[in-house]
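What follows is one structure encoded as structure tokens, with my remarks underneath.
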2 protein chains.
Amino acid sequence: MTHSERAAELFHALADPTRLEILDELRAGECCVCELMDRLQAGQSRLSFHLRVLKEAGVIQDRREGRWMYYAVNAEALAELGDLVDSFKQAKRARRVAGCC
Amino acid sequence: MTHSERAAELFHALADPTRLEILDELRAGECCVCELMDRLQAGQSRLSFHLRVLKEAGVIQDRREGRWMYYAVNAEALAELGDLVDSFKQAKRARRVAGCC
DNA sequence: AATATATATCAACAATATTTGATAAGTCAA
DNA sequence: TTGACTTATCAAATATTGTTGATATATATT
């Protein structure tokens, strides 16, 4: 996976209102799926889908406890995200003007 | 537009490798479309499409000079993005355990 | 073992996004 | 004003995502 593919994966995971609402809930600590269903008024398979997208991008982690799955934000991913955004802010050395057209 | 819809729009604009490569080029300063075509080896209408997505999300700005359009990163959007990421890092006050299930 | 509960996965469908080639619009130079 | 050049827009085709309801899996309880 190239650098920009990985970055795109990370941003894509955040590019959906439902997933952002999930993350907002998780900011208050880890949370099981049924509680998320309650809070977001979202169907089970819909949530499961979005949780998987977030998890595959590394944005959240899960942990089983009995029949419940608890999801939590993955701090590493947030750091990665912060670094990405910082890199946007950092100017590159200017290219020589290429005379393209 | 709700808060999470706006955030999703911003992240969506960044959720594509081509668009990230465009931004990477723009980090070196403003750039016209034909130069981007050169550098990214991308077709004109394809670039135009991605530039529009970035522009509509407010991530970049354009400026006409003669027949050229120059695109540049919009610093405001980067600040907005940084704030968003910071807000993820900031914990919310813990919810009372809701006893959902 | 049988049943209930919590969640994941699947398949079908719907909605969005992306790519491509063609054409239009704006600007410049002759 | 004609022609060349740069970029935007459009329409069609394709690809990717998201939703929904049904079913499967894992765990707990009886």
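Values below: every heavy atom of this structure, side chains too, minus hydrogens, waters and symmetry copies. A, B, ... follow the sequence lines: proteins, then strands. Residue 1 opens every chain.
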Which residue lies toward the 5' end of DNA chain D, A:Arg64 or A:Thr18, if each is placed at its nearest nucleotide?
A:Thr18
Separation of B:Asp16 atom CG from C:dT16 atom C1', in whole Å?
13 Å
Any side-chain N or O of B:Arg46 less than 4.0 Å from the OP1 or OP2 oxygen of C:dG21?
no
Could you say whether B:Tyr71 or A:Val53 is positioned toward the 5' end of DNA chain D, judged by the nucleotide with the nearest heavy atom to each?
B:Tyr71
Take atom NE2 of B:His12 and atom C1' of C:dT16, then tell me their distance rounded to the nearest Å.
8 Å
Across the strands shown, which category fits A:Gly43 at heavy-atom distances under 4.0 angstrom: base, sugar-phosphate, nothing?
nothing
In one Ile/Leu/Val/Met/Phe/Trp/Tyr side-chain cluster, 4.5 Å: B:Met37, B:Val53:
no
Please determine if a side-chain N or O atom of A:Arg67 lies less than 4.0 Å away from the OP1 or OP2 oxygen of C:dT7.
no
Figure out the CD/C1' separation between A:Glu35 and C:dT5, and round it to whole Å.
16 Å
NZ/A:Lys55 to OG/A:Ser48 distance, rounded to the nearest 0.5 angstrom?
10.0 Å
To the nearest Å, give me how far apart CZ (A:Arg63) and P (C:dT7) are.
12 Å
Remember a base hit wins even if backbone is also touched, and classify A:Tyr70 as base, sugar-phosphate or nothing at under 4.0 Å, heavy atoms.
nothing
For B:Leu14 and C:dA17, give me the distance from atom CG to atom P, rounded to whole Å.
15 Å
Can you tell me the distance, in whole Å, between the CG atom of A:Asp62 and the P atom of D:dA26?
15 Å
Between C:dT9, D:dT17, D:dT7, spot the one nearest the side chain of A:Ser48, thanks.
C:dT9
Atom-to-atom span, CD of A:Glu56 to P of D:dG18 - whole angstrom:
12 Å
When only distance counts, do a donor and an acceptor, one from the side chain of A:Gln44 and one from the base of C:dA6, lie under 3.5 Å apart?
no
Whole angstrom is fine here: how far is it from CG in A:Leu36 over to C1' in C:dA8?
15 Å
Just N and O in the side chain of B:His50: are any of them under 4.0 Å from OP1 or OP2 of C:dT19?
yes
Report yes if at least one side-chain N or O of A:Arg52 is closer than 4.0 Å to OP1 or OP2 of C:dT9; otherwise report no.
yes
